[in-house]
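To start, the structure under review is shown below, and the notes come after it.
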There are 2 protein chains.
Amino acid sequence: MSREDRQLIDSLARGFAILECLSRARRPLGNGEIAALVDLPPSSVSRLTHSLTVLGYIRRSPSQRTYELTPKNLMLGYPVLAGMSLLDRVRPYLKSISEQTGETVTLAVRDGLYSTFAEVVQGVNLVAVRLSTGARLRLANSASGIAMVSALPEKEKHTVTARIRAEITRRGEDLAVFNNSLEECEATGVAIVRNTWQKGIGGVAIAVQAQGELGALTMPVATGSVSAEVMHTTLASTLREAAETISPGYEPQTG
Amino acid sequence: MSREDRQLIDSLARGFAILECLSRARRPLGNGEIAALVDLPPSSVSRLTHSLTVLGYIRRSPSQRTYELTPKNLMLGYPVLAGMSLLDRVRPYLKSISEQTGETVTLAVRDGLYSTFAEVVQGVNLVAVRLSTGARLRLANSASGIAMVSALPEKEKHTVTARIRAEITRRGEDLAVFNNSLEECEATGVAIVRNTWQKGIGGVAIAVQAQGELGALTMPVATGSVSAEVMHTTLASTLREAAETISPGYEPQTG
DNA sequence: AACCTATTTCCGCAGAGCGAAAAAGTAAGA
DNA sequence: TCTTACTTTTTCGCTCTGCGGAAATAGGTT
């Protein structure tokens with residue numbers, strides 16, 4: 001966080017740094033671990049975790065002396081979900097596609113340079129990807145991200161792709177992956193990535209829009225059992241059909 | 001918030017007061033509205049909303065000069081949902097009960113003196129209650145709350161009911177409603193309330209447990225079209241059957 | 001252009017929050 | 001049981017962060 005912004009309240013940022021640290025962790029964390037991960041002194045972390053506990057956003061297991069997020073955190077997401085008309089429109093399709101394919105099917109929405117999953121219908125296939133509402137990926141390397149970027153109005157697309165490319169460059173990653181995926185999506189209407197954000201996982205996604213809201217109908221798949229060919233053919237077709245009904249007249253092919 | 005706690009970081013609490021204010025609002029709010037609702041000076045609110053915007057948790061519509069929560073808020077709920085074994089176990093039942101009844105079916109979990117909805121399968125009935133993940137009700141007057149309270153271990157139940165009764169008393173509400181509902185739930189295993197937290201809405205709920213996690217399988221219903229008798233008979237039976245499978249050998253009747 | 005309202009920025013100031021150090025808590029090993 | 005090592009919490013001196021009133025700016029209406 002930049003110290004140039006005199007109006008940014010530092011202690012608020014610190015509190016959120018801790019919440020975000022816990023949201024990325026695979027298990028509850030102790031104060032010392034949090035302190036190391038967010039690079040703050042242990043006494044400061046102790047006070048911050050105490051405050052977050054009093055406020056109800058984290059709870060502590062006294063026996064383990066570790067902290068984890070509470071269900072209260074779901075509360076802040078409620079109005080986001082409740083107010084999302086697109087979600088109501090897309091929900092039946094999430095269900096039917098998942099039943100038809102056995103795969104996990106999701107609606108993702110854009111959130112700055114991230115793609116956040118708003119609703120997830122868990123697939124019943126043995127190797128269907130396990131995912132939950134609130135999971136978040138970078139636009140840069142996720143199928144949902146690329147699908148949404150390709151569907152932005154030209155002006156905004158230009159701005160957003162520039163920011164994405166700057167981020168990729170800053171991280172020392174390969175620009176060609178993003179560029180190729182975006183190009184292919186613009187040609188076919190469907191974004192497909194494999195093993196970009198996690199080994200063994202890929203995604204097929206198509207942009208959908210309703211009432212001014214843009215999202216991506218997405219199927220995350222296990223690349224070990226779902227071939228690139230199936231992604232490009234069967235799954236892509238399934239998504240195209242659904243998108244055609246969800247956003248009639250909306251032409252996702254802008255390439 | 002109590003000023004006796006010297007270790008509570010005030011500006012953190014202020015930030016969350018604003019987020020919670022926005023989570024309760026039915027529409028985006030301007031700075032002045034927020035300032036009035038959280039009882040802070042407008043200049044303080046301006047700086048807080050600016051900070052929350054930079055951190056990504058709210059966004060501003062420049063034309064309306066109003067703020068609303070972003071999808072990033074879903075991120076903090078992700079590990080709560082992803083780590084919930086009970087949810088995986090209950091999910092198929094949410095689906096099948098909703099298909100069978102046409103009603104909205106949910107899994108609620110306890111969160112202090114609140115019941116928070118972790119997953120919601122939206123019903124297709126014309127008057128099925130609309131609800132989303134993250135919705136939150138008081139234990140005191142919700143079916144899910146009462147079901148969970150009745151299933152707590154004796155010692156904890158005693159503590160929690162005392163806190164609930166103190167809250168009810170402090171708010172000047174009628175203790176008899178809570179007492180009667182809890183008593184009935186302990187006798188029948190199913191908690192039923194009508195029009196307690198919102199006119200026109202009621203709930204039927206039963207406690208479920210798996211791997212040490214306690215929750216409530218819940219059906220919120222429109223009281224204008226679903227009679228008390230149907231709640232007590234058909235819906236209650238449906239929930240009992242499901243609970244018997246979800247938590248085999250777990251005896252919710254402790255009365 | 002004038003007026004009104006809402007919001008943001010500025011800035012003096014004091015106390016809120018910082019972090020190092022001390023104190024307390026906890027677990028493991030002898 | 002005692003000792004040691006490690007983790008966490010609390011204390012407290014200090015400074016600079018965040019506060020809020022006032023001034024400036026922004027935006028809409030007449």
Side-chain angles (χ1 to χ4, degrees), chain A residues 1-70, chain B residues 1-70:
Chain A
M1 92 206 62
S2 169
R3 279 321 293 134
E4 293 152 24
D5 189 348
R6 304 283 304 278
Q7 293 278 48
L8 176 64
I9 295 173
D10 213 34
S11 49
L12 192 56
R14 285 170 172 221
F16 278 105
I18 288 174
L19 288 177
E20 287 165 21
C21 174
L22 286 171
S23 81
R24 289 188 297 266
R26 302 242 168 176
R27 55 181 177 83
L29 301 175
N31 263 346
E33 293 174 280
I34 295 169
L37 289 167
V38 300
D39 196 26
L40 287 174
S43 61
S44 295
V45 168
S46 189
R47 192 173 175 190
L48 284 159
T49 50
H50 168 77
S51 298
L52 290 169
T53 300
V54 169
L55 293 170
Y57 290 94
I58 64 175
R59 70 188 160 208
R60 176 180 145 135
S61 147
S63 53
Q64 270 88 45
R65 300 204 288 180
T66 53
Y67 294 92
E68 65 187 349
L69 298 166
T70 65
Chain B
M1 90 204 63
S2 168
R3 282 320 293 134
E4 292 152 24
D5 189 347
R6 305 284 303 278
Q7 291 280 46
L8 177 65
I9 295 173
D10 214 32
S11 48
L12 193 53
R14 289 173 168 217
F16 278 104
I18 288 175
L19 287 178
E20 287 165 22
C21 174
L22 285 171
S23 81
R24 289 190 295 270
R26 303 237 170 185
R27 58 183 174 84
L29 299 176
N31 262 348
E33 294 175 278
I34 294 170
L37 288 168
V38 301
D39 196 28
L40 286 174
S43 60
S44 295
V45 168
S46 190
R47 191 172 176 193
L48 284 159
T49 50
H50 168 78
S51 299
L52 291 169
T53 301
V54 169
L55 294 170
Y57 291 94
I58 65 175
R59 72 188 156 206
R60 173 177 147 140
S61 148
S63 52
Q64 271 90 43
R65 300 201 292 178
T66 53
Y67 293 92
E68 64 187 348
L69 298 165
T70 64

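Every chain is numbered from 1, with letters handed out A, B, ... down the list of sequences.
Side-chain atoms of A/T70 come within 3.5 Å of backbone atoms of A/G56 as a donor-acceptor pair (strictly under, hydrogens ignored). Between the side chain of B/T66 and the backbone N or O of B/S61, no donor-acceptor pair lies under 3.5 Å. The main-chain N or O of B/V45 is found under 3.5 Å from a side-chain atom of B/T49 such that the two form a donor-acceptor pair. Without hydrogens or angle criteria, B/S11 side chain to A/S11 main chain gives no donor-acceptor distance under 3.5 Å. Side chain of A/S46 to backbone of A/P42: no donor-acceptor contact under 3.5 angstrom is found.
One finds no salt bridge joining B/E33 and B/R65 here, because no Lys/Arg side-chain nitrogen approaches an Asp/Glu carboxylate oxygen to under 4.0 Å.
Atom CG of A/D5 is separated from atom C1' of C/dT9 by 12 Å (rounded to the nearest Å). Between the C1' atom of C/dT8 and the CG atom of A/L8 lies a distance of 16 Å, rounded to the nearest Å. Rounded to a whole Å, the CG atom of A/D10 is 12 Å from the P atom of D/dC19. Straight-line distance from the CD atom of B/Q7 to the P atom of D/dC12: 12 Å, rounded to whole Å. We find that CG of B/L52 is positioned 13 Å from P of D/dG18, with the value rounded to whole Å. When rounded to the nearest whole Å, the span between CZ of A/R6 and P of D/dG20 equals 18 Å.
Among the nucleotides D/dT8, C/dT8, D/dG18, the one closest to any side-chain atom of A/N31 is D/dT8. Of all nucleotides listed (D/dG20, D/dT8, D/dA26), D/dT8 comes nearest to the side chain of A/R65. Between C/dT9, C/dG17, D/dC19, one nucleotide has an atom nearer to the side chain of A/I9 than all others, and that is D/dC19.
Within residues 36-51 of chain A, the residues having any heavy atom under 4.0 Å from DNA chain C are, by residue number, A/P41, A/S43, A/S44, A/R47.
Aromatic ring centres of A/Y57 and A/F16: separated by at least 6.0 Å.
Between B/R14 and C/dG17 there is no side-chain polar atom (N or O) within less than 4.0 angstrom of OP1 or OP2.
Toward the 5' end of DNA chain D, the nearer of the two residues B/R60 and A/G32, judged by each one's closest nucleotide, is A/G32.
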